[in-house]
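I have placed the structure first, in the form of structure tokens, so that the comments after it can refer back to it.
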Amino acid sequence: MYLAAQQRLAARLRAVLQQLYSVTPATLAIEQPPEIRLGEYAVPVAFELARTLRKAPRAIAAEMVAALGAVEGFASFEVAGAGYINARLDRAAAVRSLAAGVPDARAHAPGHALVEHTSINPNKAAHVGHLRNAILGDTFVRLLRATGDRVSVQNYIDNTGVQVADIVVGLENLLGLSLDGVEGWIAGLREPIDYACWDLYARTSQWYTAGSPEENAARKQLRLTTLHRLEEGGNQTAAIAERVATAIVRRHLETMLRLGIEYDLLPRESEILHLHFWDAAFAQLKEKEVLRLETAGKNAGCWVMRRAGTEPAAGEAEIDEDAKVIVRSNGTVTYVGKDIAYHLWKFGLLGRDFGYLPFFPYADHTCWITAVAGEPEHPHFGGADAIYNVIDARQSDPQANVIEAMRGLGYAEQAAHYTHFSYEMVALTPRCALELGYAVAEEDRGRAYIEVSGRKGFGVKADDLIERLLAATRAEVEARNPELGELEREQTAQQIAVGALRYFMLKFTRNTVIAFDFKDALAFEGETGPYLQYAVVRTRSIFRKAGVTPVAALAAAASPDAARYLQGEQGDSIWQVWLRAAKTGLVLQQCRETAEPAHLARHCFQLAQDFSAFYRKHHILTEEDPARKALLLATAAITEQTLVRSLAVLGMEAPDVM
RNA sequence: GCGCCCGUAGCUCAGCUGGAUAGAGCGUCCGCCUCCGAAGCGGAAGGUCGCAAGUUCGAAUCUUGCCGGGCGCACCA
């Protein structure tokens with residue numbers, strides 16, 4: 001609603017600017033006044049025109065206000081402050097439009113987006129950092145869907161990398177297991193396999209540097225040999241890796257499902273290798289001369305490309321020492337090379353496809369996994385027109401190189417729609433690390449945070465955090481709602497735990513490092529998920545007692561004399577709720593454009609705050625004026641409806657009681 | 001050395017296209033459940049927006065330099 005009115009205002013202002021002064025500004029800033037009593041929109045355009053028109057800002061603003069005339073949805077315009085043009089919405093009309101659910105016009109053509117997130121190495125349990133990735137990615141998926149896109153969700157599985165190799169080295173060499181032995185080991189585990197491998201991975205990493213120099217060299221060599229056997233496939237080592245990595249991937253999907261996070265496809269590196277995606281990409285890269293064979297210098301014998309962000313070499317024969325190696329002198333391809341091939345596939349530009357098998361069932365769809373030989377019938381994957389890679393900020397260089405390669409291949413359009421959805425890491429506060437029993441070096445104790453490390457086994461496992469949240473929410477629900485049945489209590493506790501966790505991860509903007517601490521993550525008061533859920537619970541309690549539904553309350557909001565209840569100081573606190581709700585469409589669009597879910601999280605928090613202020617000031621159930629009571633109920637209803645829908649985008653549910 | 005990110009209240013963070021008295025939560029202090037749910041609400045204290053120049057009618061926001069912190073810059077994946 002707010003957005004649509006803003007667009008009408010902007011169009012009218014442009015017409016007036018053209019008519020009065022013959023100017024057509026490239027951008028027309030429309031802001032919000034600092035206080036609700038000043039109106040809903042503020043236009044500072046008179047300030048910039050003052051110099052060129054040789055006229056005082058207030059005089060320009062006054063002329064424009066006089067020329068504006070009537071604009072649909074607006075009550076009045078006025079000059080304010082030193083020369084602002086302030087616009088007031090017709091509050092009653094806005095309420096009617098919102099209550100009727102008139103949507104804002106879509107600002108973009110719907111497309112097919114592909115979002116890749118989670119992408120945890122399948123050799124250990126998921127930790128808090130992975131939770132941030134998956135929650136950000138999943139929320140962005142929901143945001144794209146809510147604004148009209150078709151989205152497929154991919155979780156890339158690096159099942160043939162060093163991290164998996166390390167686990168296999170641990171199994172084969174530290175535990176001395178064959179493939180059968182691994183089966184027995186798995187069967188005998190007293191904890192989930194991802195937890196067992198968390199420790200084994202840390203042990204193996206340590207083992208590489210724990211022996212004599214000669215031993216360590218041999219161990220590193222063993223690691224390399226193991227990696228090559230994984231890449232080749234068709235041997236027992238690869239079979240062990242396949243067995244373990246697949247089991248761990250399944251655990252990751254289970255962990256994420258607890259938070260409502262689902263996937264459509266798991267593309268695996270093993271298929272990128274075995275289906276020779278790289279060969280197809282290499283041919284294109286050579287053809288378009290993105291790669292060149294270096295003949296001298298430190299990279300002699302390698303196929304290299306110009307590194308993103310660097311200038312092309314001066315002469316054709318010039319050696320670019322800073323170039324990025326894509327194919328090593330021994331003929332093997334680097335990770336970035338494989339990534340280029342994979343991303344060509346994402347855009348449907350590779351000319352090859354994966355095989356697909358069903359892998360993990362959800363309530364209403366199936367997650368597929370890539371395979372060399374798949375099933376003949378499968379959904380169509382890939383061929384997206386926009387892609388978003390949810391990958392932490394540390395990987396911005398490799399991501400930039402892949403984009404650079406796309407551009408070099410002439411796929412400028414696709415490169416422009418390739419978004420590295422980057423975010424900062426989750427680290428532990430020293431206090432949290434000590435609390436978990438980790439040894440913290442003296443020099444680290446004074447730091448704000450310490451980076452987690454799977455290699456060192458240093459971090460908070462996702463499932464452990466979820467369990468701690470559940471324990472806390474179960475205790476709260478039990479204390480507050482002893483009358484509830486056990487099933488309902490458990491469901492409520494889960495909704496609150498998920499809400500608390502998701503909101504915690506979403507309230508920070510992407511490029512803020514989260515210094516993780518249980519105290520903050522387990523908070524249920526203040527700016528937290530439960531605060532938002534509580535606002536919804538309160539509205540529902542009102543509707544239970546009033547004996548009406550929110551839908552009915554909204555339908556009854558169209559009272560012709562609602563206008564007078566929306567005026568004055570009393571009216572402002574009612575209108576504040578409607579205005580906030582009206583801005584939701586604008587916020588969704590901003591979140592989409594800036595790929596920043598935090599804006600929506602904060603918007604929901606503000607709406608809940610506005611509702612709390614309204615709730616304190618106006619007593620709905622005892623209101624005697626029926627027309628006014630109808631408006632108050634509708635105000636609770638628009639809060640309920642807007643919050644529930646917006647929380648759904650954040651992946652949160654509100655219980656009926658809590 | 002080069003590149004990216006960060007530096008706003010005691011702490012953790014918001015601050016959208018530069019704009020009207022710089023915001024929130026936590027913490028501290030004082031209040032509020034015989035009125036729709038206190039996972040709530042009201043109030044108080046607390047800030048040279050790292051520093052310095054510049055652009056502008058106007059800078060927390062843009063530019064440059066400096067200071068402090070973080071992360072990247074392999075023929076590893």
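Everything numeric in this text was worked out from a predicted model, so none of it was measured. A, B, ... follow the sequence lines: proteins, then strands. Residue 1 opens every chain.
- Both Gly297(A) and Glu31(A) sit near RNA chain B, but only Glu31(A) has its closest nucleotide nearer the 5' end.
- The aromatic ring centroids of Tyr2(A) and Tyr41(A) lie less than 6.0 Å from each other.
- If you take atom P in rA24(B) and the same atom in rA45(B), they sit 13 Å apart, rounded to whole Å.
- Judged by ring centres under 5.5 Å apart and planes tilted less than 30 degrees, His619(A) stacks against the six-membered base ring of rC36(B).
- Not one side-chain nitrogen or oxygen of Arg616(A) sits closer than 4.0 Å to the OP1 or OP2 atom of rC36(B).
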All N/O pairs under 3.5 Å across the protein-nucleotides 25-32 of chain B interface:
from, atom 1, to, atom 2, distance (Å)
rG25(B), O2', Glu527(A), N, 3.3

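- For rG69(B) and rG50(B), the C1' atoms lie 11 Å apart once the distance is rounded to whole Å.
- Of the candidate nucleotides rA20(B), rG37(B), rC13(B), rA20(B) has the atom lying nearest to any side-chain atom of Leu38(A).
- In textbook terms, a nucleotide whose glycosidic angle is within 90° of 0 is syn, while rC29(B), being further out, is anti.
- Taking atom C1' in both rC62(B) and rC2(B), the straight-line distance is 24 Å, to the nearest Å.
- The minimum heavy-atom distance between Ala393(A) and Glu424(A), with the atom names listed, is CB-OE2, 3.9 Å.
- With C1' as the reference atom, rG46(B) and rC6(B) are 24 Å apart, rounded to whole Å.
- For the residue pair Ala405(A) and Ile340(A), the shortest heavy atom distance occurs at CB-CD1, 3.5 Å.
- Contact annotation: Tyr531(A) side-chain N/O to rC41(B) OP1/OP2 distance is under 4.0 Å.
- Side-chain atoms of His599(A) never come within 3.5 Å of backbone atoms of Val587(A) as a donor-acceptor pair (strictly under, hydrogens ignored).
- Residue-level contact check: Ile496(A) touches the bases, meaning some heavy atom is under 4.0 Å from a base atom.
- Comparing the C1' positions of rA59(B) and rG15(B) gives an interatomic distance of 14 Å, to the nearest angstrom.
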All N/O pairs under 3.5 Å across the protein-nucleotides 6-10 of chain B interface:
from, atom 1, to, atom 2, distance (Å)
rC6(B), OP1, Asn511(A), ND2, 3.3

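- For RNA chain B, the residues of residues 45-60 of chain A within the heavy-atom distance limit of 4.0 Å (strictly under) are Phe47(A), Glu48(A), Arg51(A), sorted by number.
- A gap of 16 Å separates the P atoms of rU56(B) and rG18(B), to the nearest Å.
- If you check every strand for non-hydrogen atoms under 4.0 Å, Asp158(A) touches sugar and phosphate atoms only.
- Nearer to the 5' terminus of RNA chain B, by closest-nucleotide assignment, is the contact made by Gly81(A) (compared with the other of Gly81(A) and Ala300(A)).
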Inset, instruction - Toss me the dot-bracket line for RNA chain B: Watson-Crick and G-U wobble, both under 3.5 Å, 5' to 3', using | for pairs to another strand and [ ] for crossers. - result: (((((((..((((.....[...)))).(((((.......))))).....(((((..]....))))))))))))....
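- The six-membered or imidazole ring of Tyr531(A) lies away from that of Tyr503(A), with a centre-to-centre distance of 6.0 Å or more.
- The salt bridge (Lys or Arg N to Asp or Glu O under 4.0 Å) check on Arg58(A) picks up nothing, with sequence neighbours excluded.
- For rC36(B), neither phosphate oxygen OP1 nor OP2 lies less than 4.0 angstrom from any side-chain nitrogen or oxygen of Arg538(A).
- If you check rG37(B), rC75(B), rA20(B) against the side chain of Ser329(A), the one that comes closest is rC75(B).
- Across Pro44(A) and Ala29(A), no two heavy atoms sit closer than the pair CD-O, 3.4 Å.
- Counting heavy atoms from C-beta outward, Lys124(A) and Gln163(A) have side chains that approach closer than 4.5 Å.
- One finds a side-chain N or O of Ser612(A) lying less than 4.0 angstrom from the OP1 or OP2 phosphate oxygen of rC41(B).
- Taking side-chain N and O atoms only, His603(A) has no distance below 4.0 Å to OP1 or OP2 of rC16(B).
- Base engagement by Asn86(A) is indicated by at least one non-hydrogen atom pair under 4.0 Å involving a base atom.
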Close N or O pairs between protein and nucleotides 68-74 of chain B (under 3.5 Å):
from, atom 1, to, atom 2, distance (Å)
rG70(B), O2', Tyr449(A), OH, 3.3
rG72(B), O2', Asp397(A), OD2, 3.4

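- Between Thr509(A) and rA14(B) there is a side-chain polar atom (N or O) within less than 4.0 angstrom of OP1 or OP2.
- Comparing the same atom, P, in rG25(B) and in rG40(B) gives a spacing of 10 Å after rounding to whole Å.
- A gap of 42 Å separates the P atoms of rC51(B) and rC75(B), to the nearest Å.
- For rA39(B), one of the phosphate oxygens OP1 or OP2 lies less than 4.0 angstrom from a side-chain nitrogen or oxygen of Tyr534(A).
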